[in-house]
Participant: 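Questions regarding the structure given below will be posed in turn.
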2 protein chains.
Amino acid sequence: MHDSHETRARLLDSAEKLFDRYGFTATGMDRLTTAAGLSSRTLYKHVGSKNRLMAAVLDARDRRFMRSLRVASVDGLFDALARWFESEEARGCLFLRSWGETGGEVPEVAEAMTRHKQRLAERIDEIVEAEIGRRDEALAEEVLILFEGATHAAAYRGETAIPAARRAARRLIEGRRASG
Amino acid sequence: MHDSHETRARLLDSAEKLFDRYGFTATGMDRLTTAAGLSSRTLYKHVGSKNRLMAAVLDARDRRFMRSLRVASVDGLFDALARWFESEEARGCLFLRSWGETGGEVPEVAEAMTRHKQRLAERIDEIVEAEIGRRDEALAEEVLILFEGATHAAAYRGETAIPAARRAARRLIEGRRASG
DNA sequence: ACGAGTGTAAAACGATCACTTTACATTCGC
DNA sequence: GCGAATGTAAAGTGATCGTTTTACACTCGT
């Protein structure tokens with residue numbers, strides 16, 4: 001048989017590009033099968049439904065994104081985001097977009113979004129702790145908001161949004177480190 | 001004749017709720033006509049097409065949103081956002097969502113998004129100037145990113161995101177006010 | 001009372017939607 | 001070399017998409 005794992009990877013990869021570029025609902029199954037080089041029969045054997053395909057795409061994207069965020073400082077965090085947008089176009093967070101497009105009513109998608117945002121928040125908690133030597137949930141939430149804001153502002157302002165967010169985050173961190 | 005202006009307002013109002021709740025593509029014309037209490041013939045006489053309806057909805061929302069942002073301080077800015085989310089559910093920015101759903105390929109929608117974000121940036125420029133007594137584009141961009149971040153983080157973290165963003169913005173402002 | 005304007009309800013348009021099925025080719029272990 | 005598995009291509013499923021059309025009713029100024 002053909003390598004099932006490789007086929008699935010190719011499917012998730014091409015589907016992610018299409019969903020990101022054209023949106024979830026506007027991307028039809030024929031475009032997905034063509035891009036993956038699969039018959040619709042095989043595609044359905046692999047993922048079961050369009051909703052489950054979207055959820056699988058989001059889970060794979062979460063792993064890839066989180067892998068790129070293995071950094072130990074807020075500068076590293078925003079540098080990682082800048083690097084992400086060197087290979088991906090900035091169109092806002094795909095998790096939030098998919099969740100919004102489906103009205104929050106597709107459980108697989110809603111759960112993938114929640115899981116991803118939970119992991120992101122935890123990662124930022126750790127980075128903030130590494131920076132100032134103790135946990136600071138309030139500061140971590142502020143950095144998370146800058147991260148979320150940079151992700152979305154980059155979609156319409158270009159990548160100057162990312163150094164601006166990085167600058168602001170650094171200032172907030174320095175303020176807590178000194179007077180903490 | 002029936003009041004054409006009132007009919008149009010009712011149409012835009014119900015359409016905005018549906019687009020926001022279920023997404024643009026997933027909301028069909030039958031749902032829109034039913035919610036507006038109009039025949040499809042009349043709806044098409046008023047707005048011409050679904051794309052133009054979305055653009056009209058966005059323009060009306062821009063006016064309403066900008067009217068709610070007539071404030072003179074960053075505290076006022078984030079308080080206004082909190083007030084906005086008392087009557088609207090937080091699902092991220094409808095302009096960015098619509099733009100993303102249509103792949104940036106519907107000119108009316110893309111232009112409405114660009115116009116809105118331009119106005120928002122100008123308003124925040126003015127607010128920052130009122131706070132510190134001079135223009136500061138870098139600081140204004142940081143506040144904009146916090147605003148964008150709060151808008152989207154509120155969708156999955158609840159409204160604690162807004163006071164957190166307000167707190168961070170205040171800290172950034174105070175830093176520039178003191179040290180010039 | 002009449003034509004123009006404005007409204008409705010409902011059928012019809014071809015296209016496309018997610019998904020299934022049919023029919024057939026290939027590769028595999030044994 | 002045979003049966004099971006896995007693949008393809010392509011037609012077909014009924015539903016729904018955005019949009020237009022047909023047919024008909026009401027209200028206006030004149």
Side-chain angles (χ1 to χ4, degrees), chain A residues 1-19 21-58 97-99 101-103 105-110 112, chain B residues 1-19 21-58 97-99 101-103 105-110 112:
Chain A
M1 61 174 174
H2 298 188
D3 187 329
S4 174
H5 179 274
E6 188 180 311
T7 298
R8 184 185 167 90
R10 179 162 38 94
L11 168 59
L12 295 186
D13 195 62
S14 57
E16 182 179 347
K17 285 192 178 73
L18 289 172
F19 287 148
R21 174 72 185 81
Y22 301 104
F24 172 67
T25 314
T27 303
M29 294 305 293
D30 59 338
R31 206 150 31 157
L32 291 162
T33 55
T34 303
L38 295 175
S39 66
S40 74
R41 199 173 195 267
T42 307
L43 189 149
Y44 274 91
K45 278 233 166 113
H46 272 84
V47 293
S49 73
K50 195 191 183 191
N51 286 342
R52 292 231 287 279
L53 171 58
M54 177 84 258
V57 162
L58 290 180
R97 289 169 55 202
S98 309
W99 173 77
E101 263 202 64
T102 53
E105 287 178 340
V106 177
E108 300 101 318
V109 170
Chain B
M1 65 177 170
H2 298 189
D3 187 330
S4 173
H5 180 274
E6 190 179 311
T7 298
R8 186 186 166 89
R10 182 161 38 95
L11 168 58
L12 295 186
D13 196 63
S14 57
E16 181 179 348
K17 285 193 178 73
L18 288 172
F19 287 148
R21 174 72 184 81
Y22 301 105
F24 173 67
T25 312
T27 303
M29 294 305 291
D30 59 337
R31 211 161 10 168
L32 291 162
T33 55
T34 303
L38 295 175
S39 66
S40 74
R41 200 173 193 265
T42 308
L43 189 149
Y44 274 92
K45 279 237 167 109
H46 274 82
V47 294
S49 72
K50 195 190 183 192
N51 286 342
R52 292 229 287 280
L53 172 58
M54 178 84 257
V57 162
L58 290 179
R97 288 168 56 202
S98 308
W99 173 77
E101 263 202 64
T102 54
E105 286 178 341
V106 176
E108 301 101 318
V109 171

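A, B, ... follow the sequence lines: proteins, then strands. Residue 1 opens every chain.
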Participant: Can you name the residues that form a side chain to side chain donor-acceptor pair (under 3.5 Å) with B:Thr25, not counting sequence neighbours?
Facilitator: B:Glu101
Participant: Let me know the distance between CZ of B:Arg10 and P of C:dG7, rounded to the nearest Å.
Facilitator: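 It is 10 Å, rounded to the nearest whole Å.
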Participant: Between atom CG in B:Leu11 and atom P in C:dG7, what is the gap in whole Å?
Facilitator: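 My rounded result for the distance is 12 Å.
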Participant: My understanding is that only residues two or more places apart in sequence, or in another chain, count here; which of them pass side chain to side chain donor-acceptor pair (under 3.5 Å) with B:Arg21?
Facilitator: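 Only A:Glu105 meet the side chain to side chain donor-acceptor pair (under 3.5 Å) criterion with B:Arg21.
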Participant: Output the rounded distance in Å from CG (A:Leu38) to C1' (D:dA10).
Facilitator: 16 Å
Participant: Expressed in angstrom and rounded to an integer, what is the separation of B:Arg31 atom CZ from D:dT16 atom P?
Facilitator: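 Checked: the CZ to P distance equals 11 Å.
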Participant: Could you pull out all residues at least two apart from B:Glu108 that satisfy side chain to side chain donor-acceptor pair (under 3.5 Å)?
Facilitator: none
Participant: Starting at atom CG of B:Leu53, determine the distance to atom P of D:dG18, rounded to an integer number of angstrom.
Facilitator: 11 Å
Participant: Please determine whether the number of non-hydrogen atoms from other residues, nucleotides or ligands lying under 6.0 Å from atom CZ of A:Arg10 exceeds 12.
Facilitator: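 Yes, the 6.0 Å shell around CZ holds more than 12 heavy atoms from other groups.
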Participant: In whole angstroms, how far is the P atom of D:dT20 from the NZ atom of B:Lys45?
Facilitator: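 Nearest whole value for this atom pair: 12 Å.
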Participant: Checking A:Ala110 now: which residues fulfil side chain to side chain contact (heavy atoms under 4.5 Å, CB included) with it, not counting sequence neighbours?
Facilitator: A:Trp99
Participant: Reading nucleotides 11-22 of chain C 5' to 3', which nucleotides get B (base under 4.0 Å from a protein heavy atom), which S (sugar-phosphate only), which -?
Facilitator: ------SSBBBB
Participant: So what is the 5' to 3' dot-bracket string for DNA chain C, if pairs are Watson-Crick or G-U wobble with both distances under 3.5 Å, crossing pairs use [ ] and | means the partner sits on another strand?
Facilitator: ||.|||||||||.||||.|||||||||.||
Participant: When the side chains of residues 41-48 of chain A are checked against the rest of the protein, which donor-acceptor pairs come out under 3.5 Å, sequence neighbours left out?
Facilitator:
from, atom 1, to, atom 2, distance (Å)
A:Thr42, OG1, A:Ser39, OG, 3.0
A:His46, ND1, A:Thr42, O, 3.1

Participant: List the residues meeting side chain to side chain contact (heavy atoms under 4.5 Å, CB included) with B:Ala9, not counting sequence neighbours, and say none if there are none.
Facilitator: none
Participant: Of all residues at least two apart in sequence or in a different chain, which pass the side chain to side chain donor-acceptor pair (under 3.5 Å) check with B:Lys17?
Facilitator: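 B:Asp13.
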